Every structure is written in C-alpha cells, then in structure tokens.
Student: 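Pasting a structure below so you can have a look.
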Amino acid sequence: MNKNDLIHSIAQKSGMTKKDVEVVVNGFLEEVTDALGSGEKVQLIGFGTFETRKRSSRSGRNPQTGAAIEIPESTVPAFKAGTRLKEAVK
C-alpha cells in the first residue's frame, strides 16, 4: 500500500473526501517529521513509537574500491511497533 492507496482507503471508510484525507495525512507526516527533527518521540499507544536513535561511528569498506573508510556518527529515525500492531500482524 502506498500513500495514495492509504488516502483512498481512509476516504472510503470515513466518508471524507480524498482531498480532506490527503490534508490530514500530509499534516500527520509533517508533524511526525518536525517532532523527530527536534529530538522528540511520537508515541501512538497500541500502534507504536517513532523516535530517533544515534548510530555510533564505525569502520567500513568502500564497495567499489575495497578501501577502508570511517563512517561518521549519525542520527536515524526508528519505529518500534506497539503491542496491538504486533498482535494484528501475527
């Protein structure tokens, strides 16, 4: 399912227009992105938690040349599934 499929499905189930659902979905995605960008967690009880995690620096290899490189520390987005979501997927 992609974003358009999600919008279509929510519009059918809610009776809202696709345009209105698209505004809501885009708003949700913007808010999650902004929160993660400022270091906050977004916790949706039963669904899951969006958060950021630090990846420490490490050594690696350039796949083209085989030369050793140093990969710098970075912050990456992460999602941890909630209990209800895990049970629904079983």
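The structure displayed is predicted, hence computed values, not measured ones.
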Student: Per the ring pair (Phe, Tyr, Trp, His ring centres under 6.0 Å) rule, what does the pair list look like for residues 6-37, sequence neighbours excluded?
Tutor: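 Ring pair (Phe, Tyr, Trp, His ring centres under 6.0 Å) check on residues 6-37 returns no pairs.
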
Student: Thr17: what forms a side-chain contact (heavy atoms from CB on, under 4.5 Å) with it, not counting sequence neighbours?
Tutor: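 For Thr17 the side-chain contact (heavy atoms from CB on, under 4.5 Å) partners, ignoring immediate neighbours, are Lys19, Asp20.
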
Student: Do you know the tightest heavy-atom contact between Met16 and Val24?
Tutor: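 Answer, listing the atom of Met16 first, then Val24: CE-CG2, 4.3 Å.
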
Student: What residues, two or more places apart in sequence or in another chain, satisfy side-chain contact (heavy atoms from CB on, under 4.5 Å) together with Lys80?
Tutor: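 With neighbours one apart ignored, the set is Arg53.
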
Student: How about Asn26 and Lys3: does a side-chain donor come under 3.5 Å of a side-chain acceptor?
Tutor: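 Yes, Lys3 and Asn26 have a side-chain donor paired with an acceptor closer than 3.5 Å.
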
Student: Rounded to the nearest 0.5 Å, what separation is found between the CG atom of Asp5 and the CD1 atom of Ile10?
Tutor: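 Rounded to the nearest 0.5 Å, the CG-CD1 separation comes to 11.0 Å.
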
Student: Considering only residues two or more places apart or on different chains, which pairs with a residue in residues 29-64 satisfy ring pair (Phe, Tyr, Trp, His ring centres under 6.0 Å)?
Tutor: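 Passing the test, one end in residues 29-64: Phe47-Phe79, Phe50-Phe79.
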
Student: If I compare all heavy atoms of Met1 with all of Ser9, which pair ends up nearest, and what's the gap?
Tutor: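 Smallest heavy-atom distance, with atoms named: CE-CB, 4.4 Å.
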
Student: If you group Ile, Leu, Val, Met, Phe, Trp and Tyr by side-chain heavy-atom gaps below 4.5 Å, do Val32 and Val23 land in one group?
Tutor: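 No, because Val32 and Val23 fall into different hydrophobic clusters, even though each may have its own neighbours under 4.5 Å.
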
Student: Please name the pair of heavy atoms, one in Arg61 and one in Ala68, separated by the smallest distance, quoted to 0.1 Å.
Tutor: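 It is NH1-N, 3.5 Å.
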
Student: Considering only Ile, Leu, Val, Met, Phe, Trp and Tyr, and joining two whenever side-chain heavy atoms are under 4.5 Å apart, list the other residues clustered with Ile71.
Tutor: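 Answer for Ile71: Ile69.
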
Student: Suppose we screen for side-chain contact (heavy atoms from CB on, under 4.5 Å). Which residues come up paired with Ser38, at least two apart in sequence or across chains?
Tutor: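 Result, side-chain contact (heavy atoms from CB on, under 4.5 Å) vs Ser38: Glu40.
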
